[in-house]
Number of protein chains: 2
Amino acid sequence: MNPLPSHPPGDGSTPNGAAGSTAAAAGNLPTFSPLYQQIKALITQSLQSGEWKPGELIPSEVELAARFKVSQGTVRKAIDELAAENLVMRRQGKGTFVSTHHEERAHFRFLRLMPDTGVPHHPDNRILDVRRQSAPAEVAQLLSLKSGDAVIYIKRLMSFDGAPTILEELWLPGAIFKGLTAERLDQYKGPMYGLFESEFGTRMIRASEKIRAVGADPAAAELLGVAEGTPLLCAERVSFTYGDKAVELRRGLYLTAHHHYQNDLS
Amino acid sequence: MNPLPSHPPGDGSTPNGAAGSTAAAAGNLPTFSPLYQQIKALITQSLQSGEWKPGELIPSEVELAARFKVSQGTVRKAIDELAAENLVMRRQGKGTFVSTHHEERAHFRFLRLMPDTGVPHHPDNRILDVRRQSAPAEVAQLLSLKSGDAVIYIKRLMSFDGAPTILEELWLPGAIFKGLTAERLDQYKGPMYGLFESEFGTRMIRASEKIRAVGADPAAAELLGVAEGTPLLCAERVSFTYGDKAVELRRGLYLTAHHHYQNDLS
DNA sequence: GAGTGGTCTAGACCACCCG
DNA sequence: GGGTGGTCTAGACCACTCG
């Protein structure tokens, strides 16, 4: 509970005593780690372990400072970074909350397909297939699974204003998403990441996408109601939870006749 | 030179006296602006005016603190945000430098097309056309120009390892890029944004892209060496300089047979 | 050794929210 | 009025760079 020595500005103790700079004598790597980074890691642990659940209020800065025996400023800097990474949300006068996918604000962080005209809104969702299967080699590799491990395969079609626009396939590690069925997916309202977070305790915090242009194959063409060969945007996404652990592979085909993938470079 | 009052912690002056909270009596809007935001705006002004040029060292934090009559911590927070926005780069022990597009590090911030295998590298560049013309209506609107204003039109083909992969069209405000010719584009080595920055004093700091899948038209198909109708990624980019001023419209067609558009959602 | 950014602390006060 | 995050200051020390 108290892995950190205190460092009053002028005391005689060794600053950064726990930071690793002395411990790395053999490795010859500096591995200096500031105090606030260590605090950040401790807070992240509590987030990951579920001590504070998505949507909940975490202890105040002064409280955390007391717990970790550091100044409020140090806790503040740690939380600043967590807020910048969207793991946590600050609200002045109220406190700091664990981020959740159950908010309007979060919904369009991972859904980047916007209508060319009009305001963004949520698509209708039709589940086409859900099954448990042995992970194909490529999927296993991208999800860091052993070849042959079980995965849940999901296929779904999403429509904006009745117009089929997104055809998606997902692969999820079977060990984590045990018991995920078409019924539960159908019943659930709101974004799929909200369900993952609430029902399976797995929160997506980061994703990496590779985007290509492809021609619609016969199956996709029929489902999306376009001619075979119609150019589609293909987005292959790997999502990660705490600790950079891959927990989702998703391949989406986007019809971009009246929508576009929005990206801001900054 | 001294638009800011000083705010010692315990003095009797009115804190945030220049922040606008009192000045907005009629408008009823809070419009409270912290000191460090005002400092940030002042530093940004100096960047925009060219007082410190891309690649140059800006004054040290203590020096700026003295100039603006605030504490180093306040200057620090201002620079922190500028560094987060890539306007400035900090280097411990050396100082803070104005960001420039003349660095390896910056080159792939706006070029997101990566090879499916192997390490990212720079494409060869072949200028196909450069001309001065009257801005088409759509271009004028996106660049906030008056319909009929002059624009520079550029068409170029980029190849990776000899394979044509990117076909791009650009529209630049004629008033800013006066004297831009095919020769200067051909002679210039390195990224185009580097030339814009060095030769025309206009630094791109942000861009917004809309991405679609399209079929190759006959002209594009021939230049890229593919069949007509081949699916291509179409990225329409509007770039901005200081003050959110649009200064470039770019439409790129990407052949994604052996490359992909890389995007990280975080 | 001098100068720079980076960390850490302590304390004061402000803006915001709620009971 | 009391609690929360947000701002601002001042001072000390650390890590890094360079002459």
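The structure presented is a predicted model; accordingly, all values stated were derived computationally and were not measured. Labels below follow one simple rule: chain letters A, B, ... track the order of the sequence lines, proteins then strands, and each chain is numbered from 1.
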**Report entry** NZ-CG distance between Lys178(B) and Leu180(B), expressed to the nearest 0.5 angstrom
**Finding:** 13.0 Å

Requested in this report: Just do the salt bridge (Lys or Arg N to Asp or Glu O under 4.0 Å) check on Arg156(B) and Glu168(B) with the steps written out, would you?
Outcome: CA-CA 5 Å; Arg156(B) 65 168 176 171; Glu168(B) 262 182 350; 2.9 Å; yes

**Report entry** Whole-Å gap separating P (dG5(D)) and CG (Leu82(A))
**Finding:** 13 Å

Report summary line: Gln37(B) CD to dA15(C) P, in whole Å, measures 15 Å

Query raised in the report: Does the ring centre of His121(B) sit less than 6.0 Å away from the ring centre of Phe108(B)?
Result: no

Query raised in the report: So, is Lys77(B) close to the dT7(D) phosphate, meaning a side-chain N or O under 4.0 Å from OP1 or OP2?
Result: yes

Query raised in the report: In terms of side-chain heavy atoms of Ser60(B), which of dG6(D), dT4(C), dG6(C) is nearest?
Result: dT4(C)

Report summary line: Among the nucleotides dG6(D), dC16(D), dT7(C), whichever has the atom closest to the side chain of Arg76(B) is dT7(C)

Requested in this report: Check whether any side-chain nitrogen or oxygen of Thr96(A) sits under 4.0 Å from OP1 or OP2 of dG5(D), and answer yes or no.
Outcome: yes

Query raised in the report: Under 4.0 Å between a side-chain N or O of Arg91(B) and OP1 or OP2 of dT4(C)?
Result: no

Report task. Using whole Å, report how far CZ of Arg90(B) lies from P of dC16(D). Result -> 16 Å

Query raised in the report: Between Gln72(A) (CD) and dG3(D) (C1'), how many Å, whole number?
Result: 12 Å

Query raised in the report: Given atom CZ of Phe68(B) and atom P of dC8(D), what is their separation to the nearest angstrom?
Result: 14 Å

**Report entry** Ser71(A) side chain near dC8(C) phosphate (N/O to OP1/OP2, under 4.0 Å)
**Finding:** no

Query raised in the report: Within this structure, what is the CG-to-P distance between Leu35(A) and dC13(D), rounded to whole angstrom?
Result: 17 Å

Query raised in the report: Want to settle it: does Gly95(B) or Tyr36(A) sit nearer the 5' end of DNA chain C, counting the closest nucleotide to each?
Result: Gly95(B)

Report task. Sort out for me which residue in Phe177(B), Tyr193(B), Tyr188(B) forms a ring-ring contact (aromatic ring centres under 6.0 Å, His included) with Phe200(B). Result -> Phe177(B)

Query raised in the report: Of Thr74(A) and Gly93(B), whose closest DNA chain C nucleotide lies nearer the 5' terminus?
Result: Gly93(B)

Query raised in the report: Can you list the steps and then say if Glu51(A) with Arg67(A) is a salt bridge (Lys or Arg N to Asp or Glu O under 4.0 Å)?
Result: CA-CA 15 Å; Glu51(A) 178 177 345; Arg67(A) 176 197 296 204; 3.4 Å; yes

Report task. Using whole Å, report how far CZ of Phe97(B) lies from C1' of dC16(D). Result -> 13 Å

Query raised in the report: Separation of Gln92(B) atom CD from dC16(D) atom C1', in whole Å?
Result: 5 Å

Query - Contact under 4.0 Å: Lys94(B) side-chain N or O vs dC18(D) OP1/OP2 - result: yes

